[in-house]
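To start, the structure under review is shown below, and the notes come after it.
No hydrogens, no waters, no symmetry mates; every other heavy atom, side chains included, goes into these values. Quick caveat: nothing in here was measured; it's all calculated off a predicted structure. All ligand and atom numbering here is 1-based and tracks the order in the structure.
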Amino acid sequence: MIASSHTPLLYIETYGCQMNVNDSEVVASVMREHGYATCSAAENADLALINTCSIRENAELRVWRRLAELRALKRKNPRLMLGVIGCMAERLKEKLLEQEQAVDLVVGPDAYRELPNLVSMARAGQKGVNVELSREETYAEIAPVRYESNGVSAFVSIMRGCNNACSYCVVPYTRGAERSRSEQSILREVQALIDSGYKEVTLLGQNVNSYRMYADDGKTVACSFAQLLEKVALLSPEMRVRFSTSHPKDMSDEALHVIAQYRNICKSIHLPAQSGSARMLKLMNRKYTREEYLERIAAIRSILPTCSISTDLIAGFCTETEDDHRQTLSLMREAAYDFAFMFMYSERPNTKAARRYADDVPEEVKARRLSEIIALQGELSLKSKQQYVGKPVEVLAEGFSKKSQELLFGRTSQNMVAVFPRGSRSAGDYLTVVPTRCTPATLIAE
Ligand code: 5AD
Ligand code: SF4
């Protein structure tokens with residue numbers, strides 16, 4: 001029968017963080033078990049899913065625009081099932097289920113195992129909806145299908161959810177409470193990646209430093225983040241290990257010493273500060289002071305002298321003054337960040353900040369402060385790259401550079417992108433290059 005010989009095709013489009021990228025791979029795995037293959041154009045798909053992000057209003061606006069395009073596609077091809085999954089599904093279920101959105105499925109981050117059932121319901125003419133959050137779900141034994149992978153580096157989720165209550169942040173509401181995935185299942189997944197030739201793994205979680213497995217008594221810590229990191233690093237010296245994201249309040253010296261001890265644990269730490277002002281940090285409920293944050297930076301510099309440090313910064317949070325803003329600029333200089341993600345504050349409905357504080361910094365002031373932060377980071381990033389010019393650095397090649405098939409790009413342990421002539425090398429090779437010049441974003445070897 002022709003009808004039954006057709007393999008149904010799944011198209012997934014992913015917005016937001018690395019965690020979402022890995023979740024899409026879990027979704028591809030769940031649907032593959034159910035007979036679906038992935039495809040790279042929505043036009044060919046039987047099922048199109050958008051894995052969404054709610055972190056800032058802009059992220060949501062992009063998805064609404066894209067959804068309008070996919071609806072137009074669905075009008076031409078009524079067999080196409082259209083689903084919204086991830087953080088926006090969790091936050092905006094009602095709005096997504098309104099008739100005019102024409103969405104067939106709305107599935108939150110903890111309900112992906114249910115997708116096949118929900119798709120069947122949708123095929124039968126009902127809406128497929130599940131936005132329940134879970135205290136246990138970690139998708140531990142689901143092997144992610146890395147359908148867009150370069151075959152060199154992979155994400156592995158080690159925990160889900162978040163127990164920090166940063167007042168600006170929507171994540172605890174969209175992704176629920178923090179839970180860690182069993183170390184055995186993490187180690188099995190990394191081993192499988194090693195066996196299939198991967199060379200780099202990034203351990204993911206909203207707050208990886210609070211990773212914890214308990215012994216049977218439920219009290220004794222059987223595996224901390226530092227211990228997990230060590231076990232992963234020991235699997236193969238050829239496998240680089242990265243991790244993200246670290247909350248400054250949980251970044252322990254124990255973890256820093258493990259990073260120091262293993263050559264294959266990359267010397268690069270993402271330590272979001274958000275602001276340099278003690279008053280802002282308190283309003284943000286970050287649970288550290290400026291001094292405590294700088295003490296962590298000092299610990300990194302002393303235990304890991306070659307480590308790069310990156311950060312996230314928010315400009316124009318509620319009641320931020322020019323003086324608070326200057327504190328952020330001065331923190332940036334003191335920390336001498338190698339890299340930063342920088343954002344304007346975007347009020348998210350129902351967060352503590354939205355309920356309690358006025359979003360009172362005018363948009364143009366937010367924009368001006370952000371541009372000052374970006375300009376300063378440009379200088380710092382350039383200085384950071386310049387220290388590597390003329391010195392040999394080890395890179396792991398990841399693929400062709402955007403500019404030319406004669407050039408490869410890769411990353412140093414410090415997570416700096418390097419571009420170099422291909423020679424006889426290919427993706428997945430380790431090699432040493434000597435950068436001859438740099439931009440704020442890239443080391444260039446000629
Ligand atoms: N507005 C702007 N930026 C935000 N972030 C999180 N919530 C918001 C918000 N409401 C930023 C933080 C976080 C990063 C992932 O996104 O800097 O570390
Ligand atoms: Fe990731 Fe947060 Fe965006 Fe959800 S809201 S996709 S957790 S960045």
>> Checking Ser308 against Asp338: is there a side-chain donor and acceptor pair closer than 3.5 Å?
In response: no
> When you check the side-chain N and O atoms of Asp250 and Ser210, is any donor under 3.5 Å from an acceptor?
Replying inline: no
Element-labelled atoms of ligand 2 that are located less than 4.0 Å from some non-hydrogen atom of [X]:
X	answer
Cys17	1 (Fe), 6 (S), 7 (S), 8 (S)
Asn20	6 (S)
Gln206	7 (S)

>> Checking contacts here: is it the side chain or the backbone of Met19 that comes within 4.0 Å of ligand 2, counting heavy atoms only? Could be both or neither.
In response: neither
>> Below 4.0 Å, non-hydrogen atoms only: which portion of Ile55 touches ligand 2? Side chain, backbone, both or neither.
In response: both
> So, is Cys53 placed with an N/O/S atom under 2.8 Å from atom 4 (Fe) of ligand 2, counting both backbone and side chain?
Replying inline: no
Ion pair [X]/[Y], N-O distance below 4.0 Å:
X	Y	result
Arg368	Glu372	yes
Glu363	Lys366	yes
Glu398	Arg411	yes

>> Show the atoms of ligand 1 that are less than 4.0 angstrom away from any heavy atom in Met344.
In response: 1 (N), 2 (C)
> If you measure from each heavy atom of Ser54 to ligand 2, is any distance below 4.0 Å?
Replying inline: yes
>> Does the residue Gln18 have a heavy-atom contact with ligand 2, meaning some pair of atoms that are separated by less than 4.0 Å?
In response: no
> For Arg56, is at least one N or O under 3.5 Å away from an N or O on ligand 1?
Replying inline: yes
